[in-house]
K.L.:
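Here it is: the structure, laid out below.
Everything numeric in this text was worked out from a predicted model, so none of it was measured. Note: hydrogens, waters and symmetry copies are ignored here, and every other heavy atom, side chains too, is used. In this chain, numbering begins with 1 at the start of the sequence shown.
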Amino acid sequence: MAGGRPAAGCCCFINNVRFPVLLLVTCSVAAMYSTILLFNLTSILDSEVEWRPVPGLDSLHGSSYKGFDRLKRELAELRKFLPKLSDTMNHKKMMRDIQFSHPLKNQRKIRKSTIVAQETFKGVTKPTSFRISRGLLYAAPGVGTFLGIFLSMLLSKRFGVRTFFGIFLALAALLTIVFLFVQKTNYYLLLLVRFLQGVVFSGVFPVMGNALVQWGPLKEQLIFLTTMLMFISVGPIVAWPVANYVHALEADMDLVYYVQAIILAFLCVIWSIFYRDRPQTHPWVSGVELNRIVAGKVQELQCNRAHSDSYSSLLKSLSAWSIWTSLFGLFSATAFFVTYLPSLLASPDVFFVQGLGIHGTIPFQLLPISCAIFGSLNLMFKPSTKIIRILNTVAFSIAAILIVSIPFVAFLQTKPGLMSILLLSMIPFGLAIVCGFARSLTVVGRVFAEQIVTMAAIPFGLAFAVVPLMVAFTVGENKLAEWTKVVMFVFFILAAAAVEFAVFGRGRSPSWSESSWDPLVASTKMQSLALIDFNQDECGLYELRRIEPTKK
């Protein structure tokens with residue numbers, strides 16, 4: 001018995017059950033996230049998939065990594081269309097250039113000619129409609145998340161987080177299997193499944209909000225929030241190398257989705273067994289740990305459960321909007337990388353196709369380490385408004401500069417330089433998270449942090465919808481000049497987010513949340529039982545008082 005409650009679980013979890021819960025939440029969210037980003041890579045690697053992120057990727061199919069075989073195939077395809085292109089190019093001159101010029105230039109000329117031929121002879125008389133179709137397909141998960149959050153909020157409130165998210169994990173596994181049967185057949189069915197995957201993914205935000213407020217002690221809430229936000233790194237770092245490995249083995253790419261479905265089903269089972277909406281109902285949580293979790297928020301947590309105007313208060317708060325704006329900036333940069341970085345690397349001007357699934361994860365590899373480093377430095381600063389504004393603005397500004405420099409470094413045709421800038425591009429967001437807007441969220445929101453995190457689905461959905469639509473109307477041949485416009489768009493989003501938070505960001509609680517709980521209580525020993533709500537059985541100490549002495 002520990003602190004008045006029996007320790008039913010493993011001895012290594014005594015007084016620390018909240019950390020396995022945090023790990024389970026993070027892994028489940030990352031697995032759900034993988035369902036919407038796998039297609040962004042497999043659509044490039046799989047030769048049978050028709051709708052790819054951008055035009056100009058057809059030359060990577062089949063023998064894409066076999067050099068001479070690819071060149072022969074493209075030459076044969078080009079010769080088939082040359083008679084029909086005689087009005088626009090000199091046949092003999094082009095063939096002479098192809099045969100005797102530099103091999104890399106040959107490939108680029110062939111690729112460009114193939115693209116022209118495809119655009120000419122596939123009857124693309126309405127390029128705008130094709131661009132809209134392509135953009136909608138890759139924006140569908142974002143639209144689904146944006147609209148689905150309202151359904152997720154309703155279901156989580158009615159059935160509880162444990163039940164509703166367990167069902168959503170099962171649905172995600174089912175949709176992954178259904179996806180296999182529609183990705184190569186019907187566009188509209190594929191669009192519908194992608195939209196539904198976004199709807200299901202929207203459920204992760206109420207889960208993150210619930211885990212933050214219910215399971216995170218006041219002194220550890222920033223750790224909880226930072227860890228859960230790392231799903232943006234864990235998802236691609238785990239999923240894309242697996243897809244790359246399957247492709248390297250020349251196995252069927254469908255195997256990747258079967259693995260994904262099995263992982264989701266396994267997490268669904270573990271989630272249903274282990275997770276609880278509140279630590280008070282978890283059999284493994286001891287009284288000592290429960291006291292630590294609820295210290296400083298017991299009475300107010302009960303009081304605020306009855307508040308029906310919490311969302312209206314948030315929507316009127318500029319400090320809450322500054323947090324969502326910063327999240328929109330972070331998710332916009334994330335959407336650019338996880339949706340289109342493999343396509344950019346496969347551009348004829350870059351052509352880093354060997355290990356495409358590994359190279360695509362480079363921006364995310366150091367983000368968790370960055371959060372850990374800045375988190376340790378975070379102890380040096382008190383969460384004042386001035387400090388939080390400055391550090392968040394600096395972080396977003398550096399990230400914007402690094403991202404906008406990617407195509408310019410790529411123009412230099414130096415692989416180490418491009419890999420270095422990609423590796424550094426997401427590091428500043430670690431500073432923004434642990435010292436900027438995420439720290440502001442835990443200070444400003446307090447008990448309302450659950451609603452703020454839940455509503456983060458809206459900036460996520462907008463980012464993952466706006467960026468694909470922007471790319472659809474900007475990138476026509478997968479050239480670096482076109483990608484420069486895209487990164488400039490992301491640059492302006494990050495700059496606007498930095499300026500907005502610099503003006504409206506807060507490091508102190510606003511009036512509507514200031515009294516929601518007392519952070520000072522978390523750092524002091526309990527002097528009385530006034531913190532315990534005996535009627536609601538909020539703490540293990542109440543149980544301790546009820547337990548009768550064991551009769552010998």
K.L.:
Would you indicate whether the side-chain heavy atoms of L480 and F408 approach each other to under 4.5 Å?
P.N.:
no
K.L.:
Quick one: does T334's side chain have a donor or acceptor within less than 3.5 Å of a partner on L330's backbone?
P.N.:
yes
K.L.:
So, E289 side chain and V17 main chain: donor-acceptor pair closer than 3.5 Å or not?
P.N.:
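Between the backbone of V17 and the side chain of E289 there is a qualifying donor-acceptor contact (under 3.5 Å).
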K.L.:
Would you say Q451's side chain and L314's backbone share a donor-acceptor pair under 3.5 angstrom?
P.N.:
no
K.L.:
Determine, step by step, whether V199 and L147 satisfy the side chain to side chain contact (heavy atoms under 4.5 Å, CB included) criterion, reporting the C-alpha distance in whole Å, the side-chain angles of both residues, the deciding distance to 0.1 Å, and the verdict.
P.N.:
CA-CA 7 Å; V199 172; L147 299 177; 5.8 Å; no
K.L.:
Under a 3.5 Å threshold, yes or no: a donor from one side chain and an acceptor from the other, between E450 and T454?
P.N.:
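There is no such pair between these side chains.
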K.L.:
Ring centroid separation for W240 and H359, is it under 6.0 angstrom?
P.N.:
no
K.L.:
Can you confirm whether L37 sits close enough to P236 that some side-chain heavy atom of one is under 4.5 Å from a side-chain heavy atom of the other?
P.N.:
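Yes, their side chains come closer than 4.5 Å.
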K.L.:
If the test is side-chain hydrogen bond (donor to acceptor under 3.5 Å, both in side chains), which one of T474, N478, D349 qualifies with W483?
P.N.:
N478
K.L.:
Check for a donor-acceptor pair, side chain of S43 on one end and backbone N or O of R52 on the other, with a separation under 3.5 Å.
P.N.:
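The answer is no, because no donor-acceptor pair under 3.5 Å joins these two groups.
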K.L.:
Any side-chain heavy atom of V54 sitting closer than 4.5 Å to one from Y138?
P.N.:
no
K.L.:
When the ring centroid of F437 is compared with that of W324, is the distance short of 6.0 Å?
P.N.:
no
K.L.:
To the closest 0.5 Å, what do you measure between CG (L136) and CZ (R194)?
P.N.:
11.5 Å
K.L.:
OG1/T484 to CD/E482 distance, rounded to the nearest 0.5 angstrom?
P.N.:
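If I round to the nearest 0.5 Å, the distance is 9.5 Å.
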K.L.:
Strictly under 6.0 Å, is that where the ring centroids of F328 and F460 end up?
P.N.:
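No: the rings miss the under 6.0 Å criterion.
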K.L.:
For the residue pair P428 and I398, what are the closest heavy atoms and their distance?
P.N.:
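Of all heavy-atom pairs spanning P428 and I398, the closest is CG-CG2, 3.6 Å.
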K.L.:
Taking all non-hydrogen atoms of both residues, which atom of A243 and which atom of L45 are closest, and how far apart?
P.N.:
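The answer is O-CD1, 4.2 Å.
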K.L.:
So, taking the atom named CZ in F201 and the one named CG in L171, what distance separates them when rounded to the nearest 0.5 Å?
P.N.:
15.0 Å
K.L.:
Under the criterion ring-ring contact (aromatic ring centres under 6.0 Å, His included), I'd like the reasoning laid out for F396 against F501: C-alpha separation, chi angles, the key distance, then a yes or no.
P.N.:
CA-CA 10 Å; F396 270 79; F501 192 90; 8.0 Å; no
K.L.:
Shortest non-hydrogen contact from Y340 to P468?
P.N.:
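So the two residues come closest at OH-CA, 3.2 Å.
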K.L.:
Does the side chain of M455 come within less than 4.5 Å of I149's, by heavy atoms?
P.N.:
no
K.L.:
Sub-3.5 Å donor-acceptor pair from the side chain of T339 to the main-chain atoms of F336, do we have one?
P.N.:
no
K.L.:
Of all heavy-atom pairs between G360 and L345, which one has the smallest distance, and what is that distance?
P.N.:
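Where G360 meets L345 most closely, the heavy atoms are N-CD1, 4.1 Å.
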K.L.:
Would you please classify the geometry between the F168 ring and the F164 ring as parallel, tilted or perpendicular, with 30° and 60° separating the classes?
P.N.:
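Judged by the thresholds at 30° and 60°, the geometry between F164 and F168 is perpendicular.
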K.L.:
Enter the distance from C27:SG to L267:CG here, rounded to the nearest 0.5 Å.
P.N.:
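Going from the SG atom of C27 to the CG atom of L267 covers 7.0 Å.
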K.L.:
Do S384 and I387 make a side-chain contact, defined as non-hydrogen atoms from C-beta onward lying under 4.5 Å apart?
P.N.:
yes
K.L.:
Stepwise, does the ring-ring contact (aromatic ring centres under 6.0 Å, His included) test hold for F224 with W215?
P.N.:
CA-CA 9 Å; F224 268 65; W215 283 93; 8.3 Å; no
K.L.:
Apply the test ring-ring contact (aromatic ring centres under 6.0 Å, His included) to residues F464 and F146: give CA-CA distance (whole Å), side-chain angles for both, the deciding distance (0.1 Å), then the verdict.
P.N.:
CA-CA 9 Å; F464 276 74; F146 178 83; over 10 Å; no
K.L.:
Picking from L366, L367, I369, what satisfies side-chain contact (heavy atoms from CB on, under 4.5 Å) with S233?
P.N.:
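When L366, L367, I369 are each tested with S233, the side-chain contact (heavy atoms from CB on, under 4.5 Å) holds only for L367.
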K.L.:
What is the minimum heavy-atom distance between I223 and T227, and which atoms define it?
P.N.:
O-OG1, 2.7 Å
K.L.:
Any side-chain to backbone donor/acceptor pair from N244 onto G357? Under 3.5 Å, distance only.
P.N.:
yes
K.L.:
Can you find a side-chain donor-acceptor pair between S202 and T145 that sits under 3.5 Å?
P.N.:
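Short answer, no.
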K.L.:
Is there a side-chain contact between I421 and L402, using heavy atoms and a 4.5 Å cut-off?
P.N.:
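The answer is yes; the side chains approach within 4.5 Å.
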K.L.:
Would you say D277's side chain and G160's backbone share a donor-acceptor pair under 3.5 angstrom?
P.N.:
no
K.L.:
Students often mix this up, so state it plainly: with edges at 30° and 60°, are the rings of F331 and F231 parallel, tilted or perpendicular?
P.N.:
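Ring orientation of F331 relative to F231: tilted.
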K.L.:
Ignoring hydrogens, what is the shortest heavy-atom contact between L222 and V434? Give both atom names and the distance.
P.N.:
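What the structure gives for the nearest pair is CD2-O, 3.4 Å.
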K.L.:
Just do the side chain to side chain contact (heavy atoms under 4.5 Å, CB included) check on V207 and W271 with the steps written out, would you?
P.N.:
CA-CA 12 Å; V207 171; W271 178 272; 3.4 Å; yes
K.L.:
Drop me the distance from L344's CG to F352's CZ, to the nearest 0.5 angstrom.
P.N.:
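The distance works out to 10.5 Å.
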K.L.:
Just so I know, are the side chains of R506 and I388 near enough to count as touching, which here means a heavy-atom distance under 4.5 Å?
P.N.:
no
K.L.:
Please evaluate residues M228 and V25 with respect to the criterion side chain to side chain contact (heavy atoms under 4.5 Å, CB included), reporting the C-alpha separation (whole Å), side-chain torsions for both, the decisive distance (0.1 Å), and the verdict.
P.N.:
CA-CA 7 Å; M228 290 186 291; V25 171; 3.7 Å; yes
K.L.:
Hey, is the main chain of A449 close enough, under 3.5 Å, to the side chain of Q221 for a donor-acceptor pair?
P.N.:
no
K.L.:
For a quick check under 3.5 Å, do S28 and Y33 share a side-chain donor-acceptor pair by atom type?
P.N.:
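No, because no side-chain N or O of S28 sits under 3.5 Å from a partner of the opposite role on Y33.
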K.L.:
Give a yes or no on whether the ring-centroid distance for W321 and F504 is below 6.0 angstrom.
P.N.:
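Centroid distance W321-F504: not below 6.0 Å, so no.
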K.L.:
Quick check against the 3.5 Å criterion: does S34 have a side-chain atom that pairs as donor or acceptor with the backbone of A30?
P.N.:
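Confirmed, S34 side chain pairs with A30 backbone.
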K.L.:
Do L175 and T35 come close enough that some side-chain heavy atom pair is under 4.5 Å?
P.N.:
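They are not in contact (no side-chain heavy atoms under 4.5 Å apart), so the answer is no.
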K.L.:
Got a second to check how far L264's CG is from C268's SG, nearest 0.5 Å?
P.N.:
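Answer for the CG-SG pair, L264 versus C268, is 9.0 Å.
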K.L.:
Going by the angle between their ring planes, with limits at 30° and 60°, are W284 and F274 parallel, tilted or perpendicular?
P.N.:
perpendicular
K.L.:
Sub-3.5 Å donor-acceptor pair from the side chain of R162 to the main-chain atoms of Y275, do we have one?
P.N.:
yes
K.L.:
When you look at F39 and T42, which way does the side chain to side chain contact (heavy atoms under 4.5 Å, CB included) test go after all the steps?
P.N.:
CA-CA 5 Å; F39 183 64; T42 58; 4.2 Å; yes
K.L.:
Is any NZ, NE, NH1 or NH2 atom of the basic residue among R18 and E220 found under 4.0 Å from an Asp or Glu carboxylate oxygen of the other?
P.N.:
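Yes, this pair counts.
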